[in-house]
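Beneath this line is the structure, given in structure tokens, with notes to follow.
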Amino acid sequence: MMLLSATTLIGDDIKNASGESLGKIEDFMIDTDRGDIKYAVLTFGGFLGMGNKLFAVPIEALTLDASDKCFVMNVSKERLENAPGFDKDNWPNTADLTWQQSISDYYRF
């Protein structure tokens with residue numbers, strides 16, 4: 001078992017199986033009842049950090065590639081572009097079970 005601090009993962013690249021960049025890890029959402037990571041928050045799009053859209057992705061959708069210091073997610077760039085996202089200043093109500101289910105359904109988890 002390998003343990004890593006969250007700060008060592010913030011900013012790590014996310015790629016798909018084709019090697020296309022899907023953004024970077026911006027943050028993590030923790031289930032306070034269970035004490036585990038529920039979602040990785042990705043930043044994707046924009047220019048020079050402006051206009052970036054954030055996406056909450058179920059942590060199960062990501063695989064850590066420790067040798068390349070990145071995460072791999074089995075999703076196309078187009079699918080991520082069309083995913084439900086949010087603005088960094090307007091986060092969704094993450095406690096809303098309907099929101100959680102919509103994210104799980106979109107990423108099929």
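Computed from heavy atoms alone, side chains included, the values below leave out hydrogens, waters and symmetry copies.
To the nearest 0.5 Å, atoms CG (D68) and CG (D12) are separated by 11.0 Å. Here the CD1 atom belonging to I14 is positioned 12.5 Å from the CG atom belonging to D65, to the nearest 0.5 angstrom. Note that CZ of F55 and OG1 of T43 are 8.5 Å apart. Values are rounded to the nearest 0.5 Å. Atom-to-atom distance recorded for D13:CG and L42:CG is 10.5 Å, nearest 0.5 angstrom.
Considering all non-hydrogen atoms of both residues, Y107 and P58 come closest at CD1-CD, 3.5 Å. A pairwise comparison of heavy atoms in G35 and I30 identifies C-CG2, 4.4 Å as the closest pair. The shortest non-hydrogen separation linking E26 to I10 is O-CD1, 3.6 Å. I25 and A40 make their closest contact through CD1-CB, 3.9 Å (heavy atoms, listed as atom of the first residue, atom of the second, distance). Contact record, D31 with R34: OD1-N, 3.1 Å, taken as the closest heavy-atom pair.
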Fill in: From CA spacing to verdict: side-chain contact (heavy atoms from CB on, under 4.5 Å), W91, L54
CA-CA 9 Å; W91 283 53; L54 298 178; 4.0 Å; yes
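With hydrogens and angles ignored, the 3.5 Å screen pairs a side-chain donor or acceptor of S102 with a backbone N or O of W99.
Shown here are the side-chain contact (heavy atoms from CB on, under 4.5 Å) partners of L4, two or more places apart in sequence or in another chain: M2, T8, L9, L64.
In this structure, the side chains of F28 and I59 come closer than 4.5 Å at one or more pairs of heavy atoms.
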Quick one: side chains of residues 70-90, donor-acceptor pairs under 3.5 Å with protein atoms, not counting sequence neighbours, listed by atom name and distance.
{"residue": "S76", "atom": "OG", "partner": "R79", "partner atom": "N", "Å": "3.1"}
{"residue": "R79", "atom": "NH2", "partner": "Y106", "partner atom": "O", "Å": "2.5"}
{"residue": "N82", "atom": "ND2", "partner": "E78", "partner atom": "O", "Å": "3.0"}
{"residue": "D87", "atom": "OD2", "partner": "D89", "partner atom": "N", "Å": "3.0"}

